Protein chains: 2
Amino acid sequence: MDVRTLCLGALMGGEATGYEIRKMFEDGTFSHFQIASLGSIYPALTKLTQDGLVTFVEHEQENRPDKKVYQLTSEGRRTFLRTLLQTRPAEDRYRSDILFMLTFAEEMPIELTEALIDEFAARHELMNQQIDPENEDKPGVIATYGRDDDGAPRPGCCFVAGLGQAMCEATLKFIRENKQGLLDDLRKFKSRKD
Amino acid sequence: MDVRTLCLGALMGGEATGYEIRKMFEDGTFSHFQIASLGSIYPALTKLTQDGLVTFVEHEQENRPDKKVYQLTSEGRRTFLRTLLQTRPAEDRYRSDILFMLTFAEEMPIELTEALIDEFAARHELMNQQIDPENEDKPGVIATYGRDDDGAPRPGCCFVAGLGQAMCEATLKFIRENKQGLLDDLRKFKSRKD
DNA sequence: CCGACATATATCGAACTGATATAGCGATTT
DNA sequence: AAATCGCTATATCAGTTCGATATATGTCGG
């Protein structure tokens, strides 16, 4: 699924600027299962405009760079829905430097191992809070999508958010239950080697 | 963490060909939390050879292309361990087309939603089996790393594998408990719109 | 007997990331 | 009071990586 399609999806929730779209992937609705950087979003929006799938209105702002507020055209909407029906989803891919590094726990000082695990836990704690669709401390605009006209979150988004939280909680639970055991094993492992 | 570093890590478990390294990321030890394709592995090995961090021996094979069996040099080993100590691990990133698509469940036929969820579950079921370090139906060479000389899996690998399994199981559990509810909600949602 | 799949290396275009540039405002730090 | 940092906002670009393709051949199932 390329960035162009991701942008169309982001705009399904209403109009947005390139900057706001990035926030949906950085902090917002899609943050825990898709990524897109500004360096790919802006060219994608330009291309989509050329292809007539989105349009934009330029809002001049005082003492600020102009805002380009993008919106789906009806053809853009149709194209996205067609893509949804026709695309075979690619494999999921999870990339974690921390887990890769922890694979080599035997080769590093125990303090580092513990720090890495704590960092991993902290990140998941944060993510768990960010996912929560009820958590409204984030500015309204960001979480626009996923909500109905009456403000109720939509079933699909709830399901995906719930799944994300279940994964976070399972991770945190596993760490609570196994961190100490790993550190003990590592100490044993190291003393055995001497 | 670039592919060069990943290759050094893969070779920490002993000698391997480029093809075997890819399998570690495709099917093997690292498959559920790191990815690297052949198109990046081969150039990385070439570069590492130039830099003196790995060496290779060419094994001629009858009726097969030559095998280049790579091995860490002592400097390669030192470099990798230094990287381990000095690197601030990058953010974890999880990328899932299926979850992205499910976000738009309201916009597609219920059968597709169900098919996507089932596909998601099936992939996690498979992954759960692949992770298991005790699962020995896969050829021995692949799972070389993560095992001690006496064949016992090492604590770091066990921890990471256990974490992966916990995540898989949480995912499967969530789907078991919430799939039907989502499909019901979607039906309600759709009938309300008429 | 043919197609599919596995072993094995190599290359290359297309896509994407991450950093940087520009520019002004507000908040916090020194 | 000055300096630094982070936020909004767009844009570009070098370097990295992916995914597809090429090459060559053996094995296995239908």
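Every chain is numbered from 1, with letters handed out A, B, ... down the list of sequences. Owing to the predicted nature of the structure, the values given are computational and were not obtained by experimental measurement.
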**Message:** So, OP1 or OP2 of D:dA9: does either fall under 4.0 Å of a side-chain N or O from A:K23?
**Reply:** no
**Item:** Sugar-phosphate, base or nothing in reach of B:G18, heavy atoms under 4.0 Å
**Value:** sugar-phosphate
**Message:** By nearest atom, which of the nucleotides C:dA8, D:dT10, D:dC18 is closest to the B:V3 side chain?
**Reply:** D:dC18
**Request:** Specify the separation, in whole Å, of atom NZ of A:K67 and atom C1' of D:dC7.
**Result:** 13 Å
**Prompt:** Do B:R22's NZ or CZ and the ring of B:Y19 fall within the cation-pi criteria of under 6.0 Å and 45°?
**Reply:** yes
**Asked** Could you state the CE-C1' distance from A:M24 to D:dA9, rounded to the nearest angstrom?
**Response** 15 Å
**Complete:** Terminal axes of the helix from C:dC1-D:dG30 to C:dT30-D:dA1 (5 end pairs apiece), angle rounded to 10 degrees, sit apart by 40°
**Asked** Hey, can you pull the residues of residues 87-95 of chain B with a non-hydrogen atom under 4.0 angstrom from DNA chain C?
**Response** B:R93, B:R95
**Integer-rounded Å distance: C:dA8 P and B:H59 NE2** = 11 Å
**Item:** B:E26 CD - C:dC5 C1' separation (whole Å)
**Value:** 14 Å
**Separation of B:D2 CG from B:T83 OG1 (nearest 0.5 Å)** = 8.5 Å
**Asked** Quick one: which of C:dA8, C:dC16, D:dA11 gets closest to the side chain of B:Y42?
**Response** C:dA8
**Prompt:** Roughly, in whole Å, what's the span from CD1 in A:I41 to P in C:dA19?
**Reply:** 16 Å
**Request:** Would you jot down, in residue-number order, the residues of residues 78-86 of chain B having a non-hydrogen atom under 4.0 Å from DNA chain D?
**Result:** none
**Asked** Which part of the nucleic acid, if any, lies within contact of A:L38, taking any heavy atom under 4.0 Å across all strands shown: a base, the sugar-phosphate backbone alone, or nothing?
**Response** base
**Message:** By nearest atom, which of the nucleotides C:dT17, C:dT9, D:dA11 is closest to the A:I35 side chain?
**Reply:** C:dT17
**Message:** Can you pull out every ring-ring contact (aromatic ring centres under 6.0 Å, His included) where at least one residue sits in residues 153-187 of chain A? Sequence neighbours excluded, please.
**Reply:** A:F159-B:F174, A:F174-B:F159
**Item:** Which residues share a side chain to side chain donor-acceptor pair (under 3.5 Å) with B:E114, sequence neighbours left out
**Value:** B:K179
**Request:** Carefully, step by step, assess A:F33 and B:Y94 under the rule ring-ring contact (aromatic ring centres under 6.0 Å, His included).
**Result:** CA-CA 5 Å; A:F33 53 87; B:Y94 178 53; 7.9 Å; no
**Request:** Please state whether the phosphate of D:dT10, meaning OP1 or OP2, lies under 4.0 angstrom from any side-chain nitrogen or oxygen of A:Y19.
**Result:** no
**Request:** Start with the C-alpha distance between B:K173 and B:E169, add both sets of side-chain angles, then the distance that settles salt bridge (Lys or Arg N to Asp or Glu O under 4.0 Å), and finish with yes or no.
**Result:** CA-CA 6 Å; B:K173 177 159 177 275; B:E169 276 153 25; over 6 Å; no
**Validation row: A:V54, A:L8 side chains within 4.5 angstrom (heavy atoms)** = yes
**Request:** Could you say whether B:T46 or A:R4 is positioned toward the 5' end of DNA chain C, judged by the nucleotide with the nearest heavy atom to each?
**Result:** B:T46
**Message:** Applying ring-ring contact (aromatic ring centres under 6.0 Å, His included) as the test, list every pair that has at least one member in residues 67-90 of chain A; sequence neighbours left out.
**Reply:** A:F56-A:Y70, A:F80-B:F104
**Item:** Within-4.5 Å side-chain heavy-atom neighbours: B:L183 and B:E111
**Value:** no
**Item:** Atom-pair distance (CE on B:M1; P on D:dT16), nearest Å
**Value:** 16 Å
**Prompt:** Hey, does the side chain of B:T17 come within less than 4.0 Å of C:dT7's phosphate (OP1/OP2), counting only N and O?
**Reply:** no
**Message:** At 4.0 Å (heavy atoms only), tell me whether B:S37 reaches a base, stays on the sugar-phosphate, or touches nothing.
**Reply:** base
**Message:** Taking the side chain as everything from C-beta on, heavy atoms only, tell me whether B:T17 gets closer than 4.5 Å to B:K68.
**Reply:** no
**Request:** Would you mind reading off the distance between A:K47 atom NZ and D:dA11 atom C1', rounded to a whole angstrom?
**Result:** 18 Å
**Asked** Hey, which of A:L102, A:L99, A:D97 is the one that makes side-chain contact (heavy atoms from CB on, under 4.5 Å) with A:F120?
**Response** A:L99
**Given DNA chain C, 5'-ward residue of the pair A:G39 and B:R22, judged by closest heavy atom** = B:R22
**Heavy-atom closest pair, residues A:S31 and A:Q130** = OG-OE1, 4.5 Å
**Asked** Quick one: are B:I98 and B:R123 in side-chain contact, heavy atoms under 4.5 Å?
**Response** yes
**Whole-Å gap separating P (C:dA19) and CG (B:D2)** = 13 Å
